[in-house]
Amino acid sequence: MAIREFRMPDVGEGLTEADILTWYVKPGDPVVDGQVVCEIETAKAAVELPVPFDGVVREIGFPEGATVDVGAVIISVDTAGAAGPQDRAVAAAPVVTAAAVGVTADAPARTERRPVLVGYGVVESSGKRRPRKTANGTAPGSRGPAAGPRPLAKPPVRKLAKDLGVDLTAVRPSGGGGTITRADVHAAAVVDIGTREIVERPVPTPVPTPVPTPSPAAATDARETRTPVKGVRKATAAAMVGSAFTAPHVTEFVTFDITRTMKLVEELKSDKDMAGLRVNPLLLIAKAVLVAVRRNPEINAAWDEAAQEIVLKHYVNLGIAAATPRGLIVPNIKDAHAQTLPELSKSLSELVATAREGKTTPAAMQGGTFTITNIGVFGVDTGTPILNPGESAILAIGAIKLQPWVHKGKVKPRQVTTLALSFDHRLVDGELGSKFLADIAAVLEQPKRLVTWA
């Protein structure tokens, strides 16, 4: 018998712990190098972890719902007689570099493996267990998966099924390619177990389970609900408090006629160069921001408190605030300043789709230089956004509404919106902030400036 231990890796920048969301294996299951064995949630994202050697699972170190220190042993594997090389560090796909996920410089890599986020070779820590508690004060037990093929479902759908107590192996998928959707899970939750349709796959061996208790994610009584603040929400809360009470915020507003930009949006939808791409107001507002940054480069900077320096960035990693089931995240488009309009459209679409699927990587949320938050989609006119930590400015887009407006000397119905710019007054003074905001509005009032000012 040769027991190998797989430890909780640091999948972000210096993260110290992660929550185990789902186990995909149980003791006695065979595993191969690179096989995903569990899904975890860190302060930055949900991540699937592959085991780096072949063998048979001997022990699961922590149950689902537990909070685990980086470096703690999460699974032990008996590698005696296993075929194939062992102790191979898991590499990321070409779009995710080893540096972005904390892989050591001397760790071997295999680019043919599926894209995962693993920092391998962490320093061993005490690994003290801090299991998530249920309403009655007990920790939820680990549940082994069904035998046979793993059901196809996205991480948010798996979490929903877990919260509702739905066995995904007993759900008939309706999504493309046999994928289980949220609607499938909700439907299964209200169907009597005796009449539920079973997906054609081997039936799992019954496992004794405790009396059902409220989900560990929320404890509810007749008058209130308590939800633990963990993972992404906890990190976001800490970051926003730190930003609000560290950087002196100033917010300015501009209300203007965006009718011509809205007309351009409609024209671009039928343009052959934009065929198959998503064209919306956010796309042109993002492009206007990039034009304004080029005209006012000092806005794209950061305050280095330790060095007492202003760091001017000669590139724009454009962050887009996204509300997800796991909380607010801000992935960014790398080098957005160098992208054409079709390229920017594709990047925005991929960013939004990945965020909605809960697949945004920690690397995608690092290194942002400027952020846009679109509160207008909720019908909100304006707001005072808080800076994303490490950035000097953030733009909030308000709702675009048909309003009476003086146009060419006459009151006419026009498309009108309000933009709000918050900035760090330590490095952005009123003149710079005002010029930058005015330039964005000017481009959107006369979108031909996307060409003449570019």
Side-chain angles (χ1 to χ4, degrees), residues 252-296 299-300 316-322 332-333 335-353 370-383 385 393-421 434-454:
E252 294 185 344
F253 310 90
V254 60
T255 301
F256 61 96
D257 181 356
I258 196 174
T259 303
R260 290 187 176 90
T261 289
M262 298 302 291
K263 291 180 179 179
L264 180 57
V265 167
E266 296 304 315
E267 292 174 4
L268 288 174
K269 288 180 179 179
S270 59
D271 191 289
K272 64 178 182 179
D273 291 329
M274 301 297 289
L277 298 175
R278 182 175 176 81
V279 180
N280 56 20
L282 175 60
L283 172 62
L284 294 188
I285 293 174
K287 195 65 175 179
V289 165
L290 296 172
V291 170
V293 168
R294 184 171 180 175
R295 289 170 57 86
N296 305 273
I299 201 79
N300 190 48
V316 181
N317 289 346
L318 185 63
I320 305 295
N332 60 77
I333 300 171
D335 293 326
H337 66 286
Q339 296 191 2
T340 63
L341 193 64
E343 291 171 341
L344 187 61
S345 174
K346 182 178 180 181
S347 295
L348 280 170
S349 296
E350 291 174 350
L351 179 149
V352 172
F370 185 93
T371 294
I372 295 175
T373 178
N374 187 5
I375 58 176
V377 295
F378 304 108
V380 176
D381 292 333
T382 189
I394 179 173
L395 182 75
I397 305 170
I400 299 174
K401 298 180 179 179
L402 193 65
Q403 298 181 20
W405 194 262
V406 177
H407 177 68
K408 296 182 179 179
K410 297 181 180 180
V411 177
K412 297 182 178 181
R414 304 286 288 180
Q415 299 283 351
V416 177
T417 192
T418 298
L419 301 181
L421 178 74
S434 299
K435 285 184 176 180
F436 177 72
L437 184 59
D439 278 354
I440 297 173
V443 170
L444 295 172
E445 281 184 321
Q446 298 286 347
K448 65 182 180 182
R449 290 176 175 141
L450 287 169
V451 177
T452 59
W453 285 8

Which atom pair, heavy atoms only, marks the closest approach of [X] to [Y]?
| X | Y | result |
| --- | --- | --- |
| Thr255 | Trp405 | O-CH2, 3.9 Å |
| Ala399 | Gly379 | CB-C, 4.0 Å |
| Gly383 | Phe253 | O-CE2, 3.4 Å |
| Ala286 | Leu318 | CB-CD2, 3.8 Å |
| Ala393 | Leu421 | CB-CD1, 4.1 Å |

Let me check something: any side-chain donor-acceptor pairs from residues 336-347 under 3.5 Å, sequence neighbours excluded? List them with distances.
{"residue": "His337", "atom": "ND1", "partner": "Val316", "partner atom": "N", "Å": "3.2"}
{"residue": "Gln339", "atom": "OE1", "partner": "Leu344", "partner atom": "N", "Å": "3.4"}
{"residue": "Gln339", "atom": "OE1", "partner": "Ser347", "partner atom": "OG", "Å": "3.0"}
{"residue": "Gln339", "atom": "NE2", "partner": "Ser347", "partner atom": "OG", "Å": "3.2"}
{"residue": "Thr340", "atom": "OG1", "partner": "Glu343", "partner atom": "N", "Å": "3.3"}
{"residue": "Thr340", "atom": "OG1", "partner": "Glu343", "partner atom": "OE1", "Å": "3.4"}
{"residue": "Glu343", "atom": "OE1", "partner": "Thr340", "partner atom": "N", "Å": "2.8"}
{"residue": "Ser345", "atom": "OG", "partner": "Arg278", "partner atom": "N", "Å": "3.4"}
{"residue": "Ser345", "atom": "OG", "partner": "Arg278", "partner atom": "O", "Å": "2.6"}
{"residue": "Ser347", "atom": "OG", "partner": "Glu343", "partner atom": "O", "Å": "3.1"}

Does the side chain of Asp381 come within less than 4.5 Å of Lys401's, by heavy atoms? yes
Could you tell me whether the side chain of Phe370 reaches within less than 4.5 Å of the side chain of Leu395, counting heavy atoms only? yes
For Thr418 and Val254, run side-chain contact (heavy atoms from CB on, under 4.5 Å): C-alpha distance rounded to whole Å, both residues' side-chain angles, the deciding distance at 0.1 Å, then the answer. CA-CA 6 Å; Thr418 298; Val254 60; over 6 Å; no
Qualifying residues under side chain to side chain contact (heavy atoms under 4.5 Å, CB included), relative to [X], sequence neighbours excluded:
| X | result |
| --- | --- |
| Leu351 | Ile320, Pro331, Ile333 |
| Thr417 | Phe256, Ile258, Ile400 |
| Val377 | Asn374 |

How long is the straight-line distance from CG of Asn280 back to OG of Ser349, given to the nearest 0.5 Å? 7.5 Å
For the CG atom of Asp335 and the CG atom of Asn317, what is their distance to the nearest 0.5 Å? 5.5 Å
Going through the checks in order, is the side-chain contact (heavy atoms from CB on, under 4.5 Å) test met by Val293 and Phe436? CA-CA 7 Å; Val293 168; Phe436 177 72; 3.6 Å; yes
Output a table of donor-acceptor pairs, distance under 3.5 Å, between side-chain atoms of residues 259-269 and any protein atom two or more places apart or on a different chain; print 'none' if there are none.
{"residue": "Thr259", "atom": "OG1", "partner": "Asp257", "partner atom": "OD1", "Å": "2.5"}
{"residue": "Thr259", "atom": "OG1", "partner": "Arg414", "partner atom": "NE", "Å": "3.4"}
{"residue": "Thr259", "atom": "OG1", "partner": "Gln415", "partner atom": "N", "Å": "2.9"}
{"residue": "Thr261", "atom": "OG1", "partner": "Leu444", "partner atom": "O", "Å": "2.5"}
{"residue": "Glu266", "atom": "OE2", "partner": "Lys269", "partner atom": "NZ", "Å": "3.3"}

Qualifying salt bridge (Lys or Arg N to Asp or Glu O under 4.0 Å) pairs, either residue in residues 436-445, two or more places apart: Arg295-Asp439
